[in-house]
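First listed ligand is number 1; within each ligand, the first listed atom is number 1. Count residues from 1 along the sequence.
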Amino acid sequence: MLNKITVVGAGNVGATTAQRLAEKELARTVVVVDVIDGIPQGKALDQWEAAPIEGFDTRIVGAANDYRPTAGSEVVVVTAGIARKPGMSRDDLVRTNADIVKQVSQQIKQTCPKAIVVVVSNPLDVMCWVTKQVTGFPRERVIGMAGVLDTARYRAFLAEALDVSVQDIQAMVLGGHGDTMVPLVSYTTVSGIPVMQLLDKGRLDKIVDRTRNGGAEIVAFLKTGSAYYAPSSAVVQMVESIVLDQKRLLPCAAWLDGEYGLSGMYCGVPCKLGKRGLEQIVEVKLTPDEQSALQKSAEAVKQTMAAVTL
Ligand code: APR
């Protein structure tokens, strides 16, 4: 268990993340910070009042526009920003969220200089870059959450199509978090059996498409917000691997320095997460189609980066 984890942003993703972190007792204290006075304090108090019933001892504390309670946090999760509205692409969000993430990163640099930062704000790959640049932290300590969520959606759809347990679907979705993400069909297995032996190409293509549009599918239902139950589960899986030094191999957005032939950008790749944060990027052989899809996805990330001036 860590001493302190901070969650920046007390909206849907941030608040649900704080609750899941506390329920798993991953830190003694979880601090939730937001710019709207009353929201972080109220949600944190409400969640802490659930502790005697749920049986967790993690204190959840809310703070508005005040980073002093976050001082010395070992892990910081950044969910601050505005969520995608119907019809809005992730890229439309870039400038607004870049300004918010810049401001948050300056605070983290001052109050939590040793933290491992897990970024969730969208457009994800670009917000990771903003965080890394502004904090000046090494790539080991600035990691983005996207692939775990995209992979969870892909696994859920496959489990439904095959009528098997989600636990038996092993898969990875790489690339940028957006319409160009790259589900690795060639590495997808059901308890070790290649999925291509169990589903025909037509059905697999439909599942891959649905995965690519997974975020938009939820936005279309909710109309006034975007997904948060699965996103918060995904962040907490990453944080848990760091806190418990599990060294899980998870698809995360990492700063690339030649891996997969890509450099100078964040992109989703297989990462080993442990107590030092990003401990290793694992390079696997891709099919020519997957490699070119990853390249295309990386180009889309670079284009979005170009919209931001730091
Ligand atoms: N500092 C702290 N919090 C901020 C700041 C800031 N500078 N600016 C905005 N916020 C807060 C908002 O007040 C709001 O409470 O961030 C919160 C965002 O919450 P929601 O609007 O509910 O959005 P949410 O669904 O939680 O998504 C947050 O995660 O998945 C991504 O695309 C999503 O970028 C979005 C982020």
Side-chain angles (χ1 to χ4, degrees), residues 6-21 31-44 46-47 62-70 73 76-112 117-131 134-135 144-150 152-153 176-179 181 213-236 238 252-253 268 304 308:
T6 286
V7 180
V8 185
N12 284 334
V13 177
T16 317
T17 299
Q19 180 187 1
R20 295 194 196 282
L21 291 171
V31 183
V32 188
V33 189
D34 202 287
V35 282
I36 305 175
D37 189 27
I39 298 291
Q41 298 99 317
K43 288 192 180 180
D46 189 13
Q47 290 178 341
N65 298 303
D66 180 7
Y67 279 75
R68 282 170 300 179
T70 73
S73 296
V76 177
V77 177
V78 179
T79 75
I82 59 159
R84 206 152 46 121
K85 312 241 161 36
M88 195 181 190
S89 87
R90 282 192 179 85
D91 295 354
D92 293 337
L93 289 172
V94 69
R95 283 189 192 86
T96 314
N97 281 356
D99 284 341
I100 292 172
V101 170
K102 263 188 230 173
Q103 198 190 329
V104 169
S105 300
Q106 277 153 3
Q107 297 283 353
I108 295 171
K109 185 183 177 173
Q110 280 173 17
T111 50
C112 314
V117 185
V118 180
V119 181
V120 185
S121 307
N122 273 315
L124 191 267
D125 306 275
V126 179
M127 295 307 120
C128 290
W129 166 65
V130 171
T131 307
V134 176
T135 57
M145 188 295 289
V148 176
L149 169 63
D150 297 330
R153 287 179 173 148
H177 187 46
D179 313 334
M181 68 180 76
N213 295 313
E217 186 178 358
I218 305 280
V219 171
F221 278 121
L222 297 181
K223 296 188 178 65
T224 56
S226 54
Y228 56 100
Y229 292 112
S232 56
S233 291
V235 192
V236 172
M238 289 172 63
C252 306
T304 315
V308 178

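- When all heavy atoms are compared, the tightest approach of Ile100 to Ile82 is CD1-N, 4.4 Å.
- The ligand atoms of ligand 1 that sit less than 4.0 angstrom from a heavy atom of Gln103 are 7 (N).
- Ligand 1 lies within reach of Ser121, whose nearest heavy atom is under 4.0 Å from it.
- When the heavy atoms of Thr79, Val13, Val119 are ranked by distance to atom 28 (C) of ligand 1, first place goes to Thr79.
- Within ligand 1, the atoms closer than 4.0 Å to a non-hydrogen atom of Asn97 are 34 (O), numbered from 1 in the order shown.
- The ligand atoms of ligand 1 that sit less than 4.0 angstrom from a heavy atom of Gly81 are 9 (C), 10 (N), 16 (O), 17 (C), 18 (C).
- Contact annotation for Ile82 and ligand 1: only backbone heavy atoms (N, CA, C, O) come within less than 4.0 Å of the ligand.
- A donor-acceptor pair is defined here as one N or O able to donate and one able to accept, closer than 3.5 Å; no such pair exists between the side chain of Asp179 and the backbone of Asn213.
- For ligand 1, the polar-atom distance check finds no N/O of Tyr228 at less than 3.5 Å from any of the ligand's N/O atoms.
- Here is the list of ligand 1 atoms found below 4.0 Å of a heavy atom in Val104: 1 (N).
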CA sep, side-chain torsions, deciding dist, call: Thr6, Thr70, side chain to side chain donor-acceptor pair (under 3.5 Å) | CA-CA 6 Å; Thr6 286; Thr70 73; 4.5 Å; no
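- Close contacts between ligand 1 and Val8 involve ligand atoms 2 (C) [criterion: under 4.0 Å to a heavy atom].
- For the pair Ala64 and Ile36, the tightest heavy-atom approach, listed with the atom from each and the gap, is CB-O, 4.1 Å.
- Across Val7, Val77, Asp34, heavy-atom proximity to atom 17 (C) of ligand 1 is greatest for Asp34.
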Before giving the answer on salt bridge (charged side-chain N to carboxylate O under 4.0 Å, His left out), spell out for Asp46 and Lys43 the whole-Å C-alpha distance, their side-chain angles and the decisive distance to 0.1 Å.
-> CA-CA 5 Å; Asp46 189 13; Lys43 288 192 180 180; over 6 Å; no
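- For Thr79 against Gly14, the heavy-atom pair with the smallest separation is OG1-CA, 3.5 Å.
- In this structure, CG on Asp150 lies 8.0 Å from CE on Met145, to the nearest 0.5 angstrom.
- The shortest N/O to N/O separation between Asn12 and ligand 1 falls below 3.5 Å.
- Shown in contact with Ile36 at under 4.0 Å from a heavy atom are these atoms of ligand 1, numbered in order with element: 13 (O).
- Asp66 is linked by a side-chain contact (heavy atoms from CB on, under 4.5 Å) to Arg68, Pro69, counting only residues two or more places apart in sequence or in another chain.
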